[in-house]
Amino acid sequence: MEAATPKPVLILGGGLMGLAIAHQLARRGLAVQVLSRRRSEAAGFVAAGMLAPHAEGLNGPLLELGQRSLERIPAWVAQIEADSGLACGLRRCGIVVPFTNAAERDAYPTASWGTPLNRTGLEREIPGIGPLWQAGLLFLQDGQIDNRRRLMRALERACVGLGVEFQEGSEVLELVRDGNGALAGARLRTAEGEQRQLAAIQAVLTCGAWSGQLLPELPIVPVKGQMLSLQGPRQALERVVFGPGTYLVPREDGLLVVGATSEAEVGFAEGLTPDGQRSLQNGIASLLPAASSWPPMERWWGFRPCTPDEAPLLGKSSIPGLWLAAGHHRNGVLLAAITAELLAGALLGQERDDGLLEAFHWSRFS
Ligand code: GLY
């Protein structure tokens, strides 16, 4: 008698977390199926790709998680590039956080991880920085990756090459449970309106800002971000500039990705707004006045998945067999590498004993 084919692990959500976890599971030999409603709404396509645990001023366990991910990123990216044959645009370019005075700089939560800059140092690191900024912190260890144009595509190709199956246009309507309450599968609706049920004993919930719609006990709300890009001259700016309310992320070809509004009160309201776009334009004029005249390229928006403490929900859920990797808020691109490693280890029963997953268990809010 032939052995039954093992049921694939279902990844509920085709964004960056879903792809990163699918990739690690497939590399470890598991059958994986990714269910994705609309790829274009994934936060992985919206973000600027900053790798910035220090520049974002994280602290506590979230800083540790971010630092662990940052350490892992070069090897993780090398794996994705080797599996896909595509470059991901990783740049260890350093990030400068500007301040109006030295006292503000010295009070920054991660000040001890950075190099303090005075006005002369700021001008050296960011030629053309606006006159408001008199001090800064340079975090050489932080950087960026070209998530929108490269990383997402490379990950998808790496997954396909490793046999991951994709069901694009599949909205998961409901989790199916067995008589003991354990996960038994997912009911979904395809883009053509057909409803289907897939059997599974393991799944990972990676639905970003929409995660609470499948599992209402998850305290995840959307925080909208509007962004734009400009085409600058190549090498006009080498480092990322992370100002209050606006940041500038220069890609290798001179494209300047500018982010982002942080709108917690608008729910899932779609679209650009004049106020949002104006606040970005004002931020550009203040940080790098010359960039105000660079040609605009694109404008877009998306929804960060935010929890009450702005840290992710990782590991076991209340449903046996269902795992969580959601709520990464402002740090999804940074945290994808460590999230994928931790979740793949946990699904395979190879949990690390350093308490890292425990610190991000969903029950901290219950
Ligand atoms: N990490 C930057 C942002 O969420 O806007």
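Along the sequence shown, the residues carry numbers beginning at 1. Whatever order the structure lists them in is the order used to number ligands and atoms, beginning at 1.
- Side-chain atoms of Gln195 and Arg187 include a donor-acceptor pair closer than 3.5 Å.
- Ligand 1 is surrounded by Met50, Glu56, Tyr247, Ala260, Arg304, Arg330, each with at least one heavy atom closer than 4.0 Å.
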Which is it for Trp323 and Gln202 under the side-chain hydrogen bond (donor to acceptor under 3.5 Å, both in side chains) test, yes or no, and what are the steps along the way?
-> CA-CA 8 Å; Trp323 301 84; Gln202 298 220 81; 2.9 Å; yes
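- Counted by atom type alone, Gln24 and Gln79 present one or more donor-acceptor pairs between their side chains at under 3.5 Å.
- The aromatic rings of Trp210 and Phe303 stand perpendicular to each other, their planes meeting at an angle above 60°, with 30° marking the opposite boundary.
- Between the side chains of Glu217 and Ser366, no donor-acceptor pair of N or O atoms lies under 3.5 Å.
- Leu19 is not connected to Leu162 by any chain of hydrophobic side-chain contacts under 4.5 Å among Ile, Leu, Val, Met, Phe, Trp and Tyr, and they are in different clusters.
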